[in-house]
Protein chains: 2
Amino acid sequence: MVQSLERAFAILGEVARRPAGVTAIAERVRLPKSTVARLLATLEDVDAVERFDGAHWRIGPGVAALNAAVSPERNLIVAARPHLADLVGELHEDAGLGLPDGNEIRYVDQVESDNPVQVREWTGTRAPMHAVPSGLVLLAEWPDDALDAYLGGELAALTRRTVTDPARLRARLHEVCEAGYAWGLEEFAEGIDSVAAPIRDARGNAVAAIHVHGPAYRFPPDGGEPRITARVVEAAAAAGRDLEERELPRA
Amino acid sequence: MVQSLERAFAILGEVARRPAGVTAIAERVRLPKSTVARLLATLEDVDAVERFDGAHWRIGPGVAALNAAVSPERNLIVAARPHLADLVGELHEDAGLGLPDGNEIRYVDQVESDNPVQVREWTGTRAPMHAVPSGLVLLAEWPDDALDAYLGGELAALTRRTVTDPARLRARLHEVCEAGYAWGLEEFAEGIDSVAAPIRDARGNAVAAIHVHGPAYRFPPDGGEPRITARVVEAAAAAGRDLEERELPRA
DNA sequence: CGCGTTGTTCCGTATTGTGGAACAGTGCTG
DNA sequence: CAGCACTGTTCCACAATACGGAACAACGCG
């Protein structure tokens, strides 16, 4: 064991409990003042603590950064990113990552193709679950009561082609659930088609969706649906495996 | 600077970026394998990393614990707790802490008096803003558009005495805003009275509320309102000062 | 102004952290 | 099945790094 490291973490624990100056912290961890000052200076250097009020110490941004690096959302983004990039490299259309957020899908990442005629950037935006493939693959696995509540609410029609009839949606979701993917043809926005598949966590729950979208005039190419579908499903499964490796302790 | 500490944090950063075994991590930080193994063993000892899949390392629960110790909600709970305890010690009634959560107040902490005839525990529950003093002191400082939207919605009457008339509420909120506290007499639940004052953060925003509540038959005692009010207002202000000391960087 | 307290810095030294090497364990291939 | 490559674990001699007492500056209070 490395003593200085253990001492530093004891200091970190006390600082987190109650920010203070060097002398008080030293008393609380029962170490000499100069030792504590030196360790605090080093902890400051690595952003684990920061100064306030002249010479008082509190936890610094480095701890939040370490924690954020393994947060569930960031885990998903990091796990999915290389697979989004692979999809774009092969299919030459944009690929994105969506998370469920209440009754909506929120887009949290996107990799763009180098095609000059593109669809706009969606990251940061939201869409109703029923109107986009990413939403459909997640809705397909909602418990009955939650799905009933959703379908009993207002179902926005974003284009002429958005499916808003609850009965038709139920039947569709049943197919989506069995197939493990969903296509949407100009249902969210005129001129945009897309296909999505769910990312599953270690317990098999659908926790996010990977999708590929493109302008309707060229996507999907004639006869291209099966191949594109397969690739998206594979990419989502691979992202799920990567996600498993990254996940925080369940305890 | 303490070299071993800096090395340990370099390792932590890499582990957070991508969990791995000793050899890969050592390559990434460009240190000898045995040094990295020793530092990882120590980081494991302090819960900063943990093992998975036999001999792979990832960030451990200690980082989340450090981070949680300084989260905004926990900051509030920790800052307010001693003041809740003081209030209970003096007034011999329960004191609680409420946070705004959308259109509701959510109770996140409570200290109980030792009086044998008590009001039930509210921690973890929610209440509509307009029906409880804690909500009123927060509503009183909402921007006009948000307040308009709230008052234009459904205002639940929880008892005969709950004020649900928007005009009466507006006038009341004006008084609450000027006074800096609010009393509620059997408006949330029959037989329960309470008084609340806002906790303000470093910028002067009302971010939470401290309240004291008791059975209506004995609280407030005759003539006791002014003194109780003053104590609650003081406690909330003191909690705000403590909160300031604990707050995370704004960056 | 004197005093007590906190924060900062320095320096000699010994203790603690180091890193190369040995070895156990594992998986893959011919 | 044996050999090989690779990873993870442990040990030990030693020197580099971490240590802590002491000096001193700064600050607030009576």
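First the proteins, then the strands, lettered A, B, ... as listed; each starts at 1.
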Whole angstrom value for the distance that separates C1' of C:dG19 from CD of B:Gln3: 12 Å

Whole angstrom value for the distance that separates P of D:dA18 from CG of B:Leu5: 9 Å

Length of the line joining A:Arg7:CZ and D:dG20:P, which is rounded to integer Å: 5 Å

Length of the CD1-C1' vector between B:Ile11 and C:dT18, whole Å: 13 Å

Polar contact flag, side-chain donor to acceptor under 3.5 angstrom, B:His211-B:Asp94: no

Ring geometry between B:Phe219 and B:Trp183 (parallel below 30°, tilted from 30 to 60°, perpendicular above 60°): tilted

Between D:dT7 (P) and B:Trp57 (CH2): distance, integer Å: 17 Å

Whole-Å distance separating the CD atom of B:Glu44 from the P atom of D:dG8: 14 Å

Phosphate-side-chain proximity, A:Ser4 and D:dA18, N/O vs OP1/OP2 below 4.0 Å: no

Enclosure of B:Tyr181 OH (heavy-atom neighbours >12, cutoff 6.0 Å): no

Nearest-0.5 Å distance that lies between atom CG in B:Leu5 and atom CG in A:Leu40: 10.0 Å

Minimum side-chain heavy-atom gap B:Val132-B:Tyr107 below 4.5 Å: yes

Steps toward salt bridge (Lys or Arg N to Asp or Glu O under 4.0 Å) verdict (B:Arg200, B:Glu141): CA-CA 11 Å; B:Arg200 297 181 189 284; B:Glu141 299 186 18; 2.6 Å; yes

Integer-rounded Å distance: D:dA18 P and A:Leu39 CG: 9 Å

No-H, no-angle donor-acceptor pair, B:Arg38 side chain to C:dG19 base, under 3.5 Å: yes

Length of the CE-P vector between A:Met1 and D:dC11, whole Å: 13 Å

Stretch residues 24-35 of chain B: residues that reach within less than 4.0 Å of DNA chain D through a heavy atom: B:Lys33, B:Ser34

